[in-house]
Amino acid sequence: MLRYGVAVTVSGVACVVAAAGLAITSACAPAIEAPIDHQRAIDRDDGDRLAVLIAQLPGVVRADVVLHHATRDPLAIAPASPAVCSAVVTTDDRANPEALRAAITRLARAAVPELAADAALPIELNPAVHRAELARVGPFAVEAASQAPLRAALSVALLAIIGLASVVAVRGVRDRRDFQRRGSSAQ
């Protein structure tokens with residue numbers, strides 16, 4: 001019985017060591033990127049680049065783009081999946097939606113030439129940001145609604161400065177007269 005117990009223990013240890021070695025080897029192996037992972041990375045990068053270009057259009061506050069280039073599985077019998085591009089764009093309230101749609105469509109077709117020419121691109125425009133109307137008051141640029149209160153505040157400040165300057169001037173004249181009187185009486 002002792003021999004059988006030792007034999008089982010040795011074979012059990014050998015199995016555990018083999019399993020641990022296999023686990024360590026598979027855990028240390030580098031991840032192998034599949035072609036679809038590479039394609040997804042390209043799609044994601046191209047979508048980010050297109051979003052940056054769209055965000056530079058006038059009136060655009062933020063842009064998010066999902067882009068998929070046409071891919072074909074070399075082992076599949078089915079035809080390649082078509083290229084797809086969609087965008088969600090947040091704009092200010094003064095943006096021209098028709099002009100933005102046309103510009104976004106041109107940018108998308110330039111970035112992804114394999115898009116079908118007759119395919120409609122889903123573009124969602126959300127006018128969510130209010131762009132304030134600015135007015136100039138002296139060196140300041142303020143909202144048009146704040147123009148009158150700012151002018152009033154600047155007028156009050158100017159009157160206060162004039163009043164303080166006149167007080168200082170009157171005191172200066174008075175002090176000079178007093179100094180001259182004292183100086184002439186001291187002689």
Side-chain angles (χ1 to χ4, degrees), residues 36-71 80-183:
I36 192 70
D37 296 329
H38 180 67
Q39 185 62 43
R40 286 181 184 147
I42 291 171
D43 290 346
R44 190 173 40 255
D45 291 344
D46 287 349
D48 291 344
R49 283 189 208 105
L50 183 58
V52 167
L53 289 174
I54 291 172
Q56 293 176 357
L57 292 173
V60 174
V61 177
R62 180 175 181 199
D64 293 310
V65 175
V66 175
L67 182 99
H68 294 289
H69 290 281
T71 57
S81 63
V84 178
C85 179
S86 63
V88 176
V89 180
T90 303
T91 64
D92 62 19
D93 56 349
R94 293 191 193 164
N96 183 353
E98 292 81 25
L100 276 178
R101 281 186 200 280
I104 292 169
T105 302
R106 282 193 308 270
L107 282 172
R109 293 198 190 286
V112 187
E114 63 263 19
L115 282 171
D118 58 346
L121 301 178
I123 299 170
E124 179 67 30
L125 297 178
N126 299 318
V129 177
H130 172 69
R131 183 171 35 166
E133 186 175 332
L134 297 179
R136 303 249 344 139
V137 177
F140 306 107
V142 296
E143 280 194 44
S146 300
Q147 184 176 11
L150 180 62
R151 281 189 179 169
L154 290 174
S155 300
V156 168
L158 181 63
L159 290 175
I161 291 170
I162 291 171
L164 290 173
S166 63
V167 168
V168 168
V170 168
R171 281 191 180 173
V173 169
R174 194 178 301 155
D175 288 346
R176 187 177 300 153
R177 257 191 250 146
D178 290 344
F179 180 72
Q180 287 176 353
R181 281 187 199 155
R182 280 190 236 141

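What you see below is based on every heavy atom in this structure, not just the backbone, and it leaves out hydrogens, waters and symmetry mates.
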Participant: Please report the closest heavy-atom contact between Leu100 and Pro58, naming both atoms and the distance.
Facilitator: CD2-O, 3.8 Å

Participant: Give the minimum heavy-atom separation between Ala55 and Ala63, together with the two atoms involved.
Facilitator: N-CB, 4.2 Å

Participant: Please report the shortest heavy-atom distance between Val66 and His68, naming the atom on each side.
Facilitator: CG1-NE2, 3.8 Å

Participant: Tell me the closest heavy-atom pair linking Leu115 and Ala108, and the distance in Å.
Facilitator: CD1-O, 3.7 Å

Participant: Say you draw a straight line from OG1 of Thr71 to CZ of Arg40; how long is it, rounded to the nearest 0.5 Å?
Facilitator: 9.5 Å

Participant: Sequence neighbours left out, what pairs pass salt bridge (Lys or Arg N to Asp or Glu O under 4.0 Å) with at least one residue falling in residues 44-55?
Facilitator: Asp46-Arg49

Participant: On a heavy-atom basis, which atom in Gln147 and which in Arg136 lie closest, and how many Å separate them?
Facilitator: NE2-O, 4.0 Å

Participant: I'd like to check the side chain to side chain contact (heavy atoms under 4.5 Å, CB included) partners of Ala103; sequence neighbours left out, ordered by chain and number.
Facilitator: Leu57, Arg106

Participant: Quick one: which of Ile162, Leu154, Val156 gives a side-chain contact (heavy atoms from CB on, under 4.5 Å) with Leu158?
Facilitator: Ile162

Participant: As an exercise, state the distance from CG of Leu150 to OG of Ser155, rounded to the nearest 0.5 Å.
Facilitator: 9.0 Å

Participant: Would you indicate whether Arg62, at its atom CZ, is surrounded by more than 12 heavy atoms from other residues, nucleotides or ligands within a distance under 6.0 Å?
Facilitator: no

Participant: Applying side chain to side chain contact (heavy atoms under 4.5 Å, CB included) to Leu125 and Ile104, what does each step give before you reach the verdict?
Facilitator: CA-CA 11 Å; Leu125 297 178; Ile104 292 169; 4.2 Å; yes

Participant: Which heavy-atom pair separates Ile54 from Leu107 by the least distance, and what is that distance?
Facilitator: CG1-CD1, 4.0 Å

Participant: Does the pair Glu114 and His69 meet the rule for a side chain to side chain donor-acceptor pair (under 3.5 Å), with working shown?
Facilitator: CA-CA 7 Å; Glu114 63 263 19; His69 290 281; 2.6 Å; yes

Participant: Which value, rounded to the nearest 0.5 Å, describes the distance between Ser146 atom OG and Arg151 atom CZ?
Facilitator: 12.5 Å

Participant: What is the distance from atom CG of Leu50 to atom CG of Asp43, rounded to the nearest 0.5 Å?
Facilitator: 12.0 Å

